[in-house]
**Student:** 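Sharing a structure here in structure tokens format.
All figures in this text were calculated on a predicted structure; none of them were measured in a lab.
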Amino acid sequence: MFKNSSVFRRYLVSYLIILIIPSIAGYMSYLTSISVMTKVSIDNSVTQLKQSQELLERRMSEVEGFTRQLAIHPDLGILMNETVTEGRPNVFGILKMLRHINTFGQTNDFLQNFFIYLSNYDVILTPGSAYFRPEHYFENYRYTDISFEEWKKDVLGRAHRSELMPLQPFKIGSSNTSVITYLQSLPLDSFSETSPAVIGVLIDKKAIARHLSAVTERYGGWVHVSDKEGRMISLQGTINQEDVEAMVADSRFDGSQVSQFYEDNLVITIKSGKNGWVYRAGIPKQVLLENANQIKFITWTVTGIALLIGLLVGLLLSYRNSKPIHWMLSIFGQDTKTDRKANAYDFLQGNIAEMLTSNRRLESELRQQQPLVRDAFYKRLVAGEFRTRDEVVAAAIQANAGLSGNVGYVAIIQINGYIGMDSVEVLKELHAARLVLRKTLSELAGFLPLTDMGSDRLVVLFAFEEGGAREYSEGEVDKLLHRLTELMFQDFKISIVSAVGERFQLVTDISHSFGQAKQTLDYVAELDNKAVVWFRETQETDAYYYPIDAEQRLIGTIRAGEAEEARRIVEQIVSQNTVHRKLSLEMRGQLALEMKGTLLKLLDQKPLVELEAADPIKNRIIAMQTADSIESFQTEFNEIIEATCEIIARKRNDMHLRTIEQIKQFIAIHYGDTELTLYRIAEQVERPEKYISQLFKEVTGINLSDYLERVRMERSEELLQDSSRTIDEIAGLVGYNSSHSFRRAFKRVMGVPPSTYRNTAGTDQS
């Protein structure tokens with residue numbers, strides 16, 4: 001039984017030892033849960049308070065920016081500097097200024113109540129109203145603990161430079177509230193005790209509280225904000241001003257620390273480096289420990305369950321894992337007398353090591369097969385099985401068989417004297433001769449791509465790059481092959497003959513040059529004592545040139561929509577039959593019939609047979625006159641190729657347009673998703689990411705990412721005209737994670753920030 005075996009016991013003991021780890025982890029989690037969760041809660045609270053601080057300071061910056069906008073306003077400048085004669089104010093200018101300032105309160109809730117005092121007219125302008133007597137304004141908007149004379153003297157009667165009056169009781173009509181007041185005199189660079197104009201922004205405590213409510217709503221407690229002189233700006237929650245002052249004065253409280261426990265609260269203190277305001281938040285301690293207590297409960301529960309389940313799983317795994325070992329021991333021990341009870345693992349190690357050695361030997365043998373793979377690539381290359389250069393490059397990389405260039409010659413070297421002989425001894429002799437031939441050729445020219453062609457022939461590619469460091473001219477190839485012939489006979493008494501095709505200009509033409517070399521080799525027997533024979537020396541005049549590989553390449557290029565490559569192949573075929581051959585009228589007619597048959601074969605293949613536009617082309621092919629001149633036939637043939645490729649391209653373009661439309665529809669629906677990425681779009685249209693990115697750029701002329709951004713900007717333009725939504729909300733609605741990234745993108749595309757665009761749109765509508 002397994003339970004009595006040493007292997008089973010080893011597994012079980014190891015699992016029991018592992019079970020101690022979750023027990024220790026549970027205890028450590030219990031000890032650290034309070035401190036960890038407290039730290040996390042403190043970090044979250046600090047972050048929350050900082051966010052509230054940033055939002056409040058941003059609003060105050062907008063208030064300051066508002067005063068600076070007014071400082072450069074031309075209409076206000078005219079009103080400030082006018083000289084009042086006989087108590088006649090510039091009513092038209094004042095009304096024009098009123099219409100302008102009515103829109104400011106729509107973009108910032110801190111600007112809903114403000115006034116502009118013009119000392120030369122003794123008039124106060126507010127959104128919607130003009131008070132030609134300051135006491136009338138004071139009747140509706142006044143501080144409850146300041147008299148009119150004090151207000152006129154301290155607020156309207158002297159110069160202010162970005163001053164802030166702390167929170168004070170205030171009465172607006174019949175309702176009571178509290179406000180802080182931001183005061184700025186105009187012009188900004190004035191240093192006199194009085195000024196032509198004073199701007200006062202009355203910020204309601206409720207507007208400030210809204211930006212600080214996130215802390216109190218999430219944790220409870222309180223939030224207190226004071227200016228750099230210690231005067232209260234805002235206070236909300238379960239504390240009053242006296243308690244805050246007492247806490248600050250207490251020696252146990254360190255005001256320089258960001259977070260500390262004071263009595264039963266966690267007190268967070270942040271001092272603004274911008275305006276010197278001090279933000280304090282108090283969070284009840286029991287709120288911080290709620291998550292820690294939950295973790296404690298979950299930790300002990302999970303630890304207990306893990307111990308119980310772990311014990312059962314340990315028994316099961318010990319049985320399951322020891323079973324295959326016993327099975328392997330029984331297999332390996334069938335033909336051995338080794339005492340496996342002494343150490344079963346050493347016994348298995350020896351057998352597995354032997355298996356690994358055999359595996360390495362097998363890998364070595366597979367690497368030795370690499371030349372066979374390379375040889376198969378060369379055979380496919382000369383046979384013309386590749387339609388495009390990209391296919392050739394991909395196959396060459398896979399076979400680790402690089403070519404030196406796209407231009408060159410194909411030569412077939414035949415060992416003489418063995419035609420019709422196929423005995424075992426002859427085949428062995430030919431194999432040795434081919435090895436000697438390869439070695440001698442390598443010594444003469446270095447590495448050359450070559451492959452066997454039967455038992456007595458060798459195909460050699462003299463490939464090079466035009467303008468490169470190593471080029472093979474026709475004379476060099478001829479000289480090299482002659483030298484090879486001499487060495488083979490002198491050193492090994494082996495007679496060879498070489499047949500060379502015409503120069504190829506593309507790797508896809510290698511098969512054509514190879515076909516010419518084969519034709520030349522068949523003609524070698526008629527030339528006595530000729531060591532190297534070139535294709536041009538064997539031209540016939542009684543038969544046309546149209547090999548099967550040229551026909552297959554022509555069909556393949558047309559099906560791929562490569563009209564230019566197809567025309568080049570046709571030009572090559574026509575050149576072979578006009579420049580290098582002199583055909584009779586009958587042979588020309590036969591060639592034309594063969595080429596017409598090629599087009600008809602092509603149209604009978606899918607997917608062209610499924611297209612209605614293929615029928616007119618087929619009728620056009622049938623109507624072609626084979627008795628016409630070869631030039632007119634070639635022109636008609638090329639026109640039919642163009643028409644066929646256009647059909648194929650049109651079908652491909654229709655598919656591309658459907659894909660682009662599908663992408664646009666998906667973006668139109670999901671542009672507001674912050675997780676919308678190129679991967680998700682590619683997944684929707686079931687195409688690769690790189691493919692849809694390139695396709696979208698080619699079809700539409702713009703990048704896919706730019707199009708998505710443009711859709712989002714167009715939607716944000718519409719939303720910005722609705723003043724009920726903040727810019728932060730609009731950023732989330734159009735798919736941005738943060739308002740900062742939205743503002744930056746909007747300004748880059750539209751040229752202005754979203755707030756400025758909203759103000760401009762509101763002014764245009766009014």
Side-chain angles (χ1 to χ4, degrees), residues 46-73 100-112 114 162 182 201 203 207-208 210-215 270 272-275 277 279 667-678 680-681 702-766:
V46 171
T47 301
Q48 193 75 50
L49 188 60
K50 284 184 177 180
Q51 290 175 349
S52 299
Q53 172 202 354
E54 291 174 359
L55 190 58
L56 192 58
E57 289 181 353
R58 193 180 307 136
R59 289 289 186 269
M60 292 303 298
S61 296
E62 291 176 3
V63 170
E64 184 178 357
F66 159 70
T67 61
R68 295 185 180 279
Q69 278 185 295
L70 290 179
I72 61 175
H73 196 280
H100 177 75
I101 64 176
N102 281 340
T103 60
F104 282 103
Q106 298 176 2
T107 59
N108 189 336
D109 51 1
F110 280 18
L111 298 176
Q112 291 181 352
F114 64 87
S162 299
Y182 179 87
V201 181
I203 305 172
I208 300 176
R210 279 196 295 270
H211 298 293
L212 300 171
S213 60
V215 178
I270 298 175
S272 173
K274 186 174 183 180
N275 53 22
W277 289 9
Y279 297 77
I667 290 176
I669 297 173
H670 298 89
Y671 68 89
D673 187 358
T674 57
E675 302 297 327
L676 183 60
T677 60
L678 180 61
R680 284 192 56 194
I681 297 174
I702 62 173
N703 293 323
L704 182 54
S705 58
D706 294 338
Y707 176 79
L708 174 59
E709 185 177 61
R710 189 176 70 182
V711 171
R712 287 172 168 170
M713 290 300 104
E714 290 175 354
R715 179 56 179 153
S716 64
E717 286 185 75
E718 300 173 4
L719 294 173
L720 283 170
Q721 297 178 9
D722 181 6
S723 60
S724 63
R725 288 190 174 94
T726 65
I727 293 178
D728 293 345
E729 292 173 342
I730 293 173
L733 289 175
V734 297
Y736 286 89
N737 287 316
S738 66
S739 61
H740 175 70
S741 57
F742 168 69
R743 293 171 193 269
R744 186 172 56 189
F746 191 91
K747 185 173 182 181
R748 183 179 65 253
V749 175
M750 306 302 297
V752 294
S755 57
T756 304
Y757 179 85
R758 166 172 276 176
N759 294 340
T760 305
T763 304
D764 294 341
Q765 291 177 356
S766 63

**Student:** Considering residues at least two apart in sequence or located in another chain, which fulfil the side-chain contact (heavy atoms from CB on, under 4.5 Å) criterion with T674?
**Tutor:** N737
**Student:** With sequence neighbours excluded, what pairs up with E64 under the salt bridge (charged side-chain N to carboxylate O under 4.0 Å, His left out) test?
**Tutor:** R68
**Student:** Could you measure the distance from the CD1 atom of I667 to the CG atom of L704? Nearest 0.5 Å is fine.
**Tutor:** 5.0 Å
**Student:** With rounding to the nearest 0.5 Å, note down the distance linking CG in L719 to CD1 in I730.
**Tutor:** 5.0 Å
**Student:** Which atoms form the tightest heavy-atom contact between F66 and L111, and what is the distance?
**Tutor:** CD2-CD2, 3.7 Å
**Student:** Between L733 and R715, is the side-chain contact (heavy atoms from CB on, under 4.5 Å) condition met? List the steps.
**Tutor:** CA-CA 9 Å; L733 289 175; R715 179 56 179 153; over 6 Å; no
**Student:** What pairs with Q51 under side-chain contact (heavy atoms from CB on, under 4.5 Å), at least two apart in sequence or on another chain?
**Tutor:** T47, Q48
**Student:** Under the side-chain contact (heavy atoms from CB on, under 4.5 Å) rule, collect the residues that match up with T677, sequence neighbours excluded.
**Tutor:** Y679, R680
**Student:** Shortest non-hydrogen contact from R758 to L720?
**Tutor:** NE-O, 2.9 Å
**Student:** Nearest 0.5 Å please: distance from the CG atom of L56 over to the CD1 atom of I208.
**Tutor:** 6.0 Å
**Student:** Once ring-ring contact (aromatic ring centres under 6.0 Å, His included) is applied, what residue pairs with a partner in residues 706-726 remain, sequence neighbours excluded?
**Tutor:** F696-Y707
**Student:** Going by the salt bridge (Lys or Arg N to Asp or Glu O under 4.0 Å) test, which pairs reach into residues 723-745, not counting sequence neighbours?
**Tutor:** D722-R725, D728-R743
**Student:** Could you tell me if the side chain of W277 sits less than 4.5 Å from the side chain of E57, heavy atoms only?
**Tutor:** no
**Student:** Side-chain contact, heavy-atom cut-off 4.5 Å: E717 with M750?
**Tutor:** yes
**Student:** Sequence neighbours excluded, which residues qualify as ring-ring contact (aromatic ring centres under 6.0 Å, His included) partners of Y182?
**Tutor:** none
**Student:** Restricting to non-hydrogen atoms, name the atom on A731 and the atom on S738 that form the minimum distance, rounded to 0.1 Å.
**Tutor:** CB-O, 4.1 Å
**Student:** Starting at CZ of F110, measure out to CZ of R210 and round the result to the nearest 0.5 Å.
**Tutor:** 8.5 Å
**Student:** Mind checking the CD1-CZ spacing from I727 to F746? Nearest 0.5 Å is all I need.
**Tutor:** 8.5 Å
**Student:** Is the shortest side-chain heavy-atom distance between R712 and L708 below 4.5 Å?
**Tutor:** yes
**Student:** Any heavy-atom pair between the side chains of R58 and E62 that's under 4.5 Å?
**Tutor:** yes
**Student:** For E675, enumerate each residue passing the salt bridge (charged side-chain N to carboxylate O under 4.0 Å, His left out) test, keeping only those at least two apart in sequence or located in another chain.
**Tutor:** none
**Student:** Just jot down the ring-ring contact (aromatic ring centres under 6.0 Å, His included) partners of Y279, sequence neighbours excluded, or say none.
**Tutor:** none
**Student:** Show me the pairs that pass salt bridge (Lys or Arg N to Asp or Glu O under 4.0 Å) and involve residues 745-757, at least two apart or across chains.
**Tutor:** E709-R748
**Student:** What residues form a side-chain contact (heavy atoms from CB on, under 4.5 Å) with D706, not counting sequence neighbours?
**Tutor:** N703
**Student:** Could you check whether any side-chain heavy atom of I101 comes within less than 4.5 Å of a side-chain heavy atom of H73, counting everything from C-beta outward?
**Tutor:** no
**Student:** Roughly how far, to the nearest 0.5 Å, is CD of Q53 from CG of L212?
**Tutor:** 10.0 Å
**Student:** Who pairs with H670 by ring-ring contact (aromatic ring centres under 6.0 Å, His included), at least two apart in sequence or on another chain?
**Tutor:** F666
**Student:** So, for V201 and F114, which heavy atoms are closest and what is the spacing to 0.1 Å?
**Tutor:** CA-CB, 3.9 Å
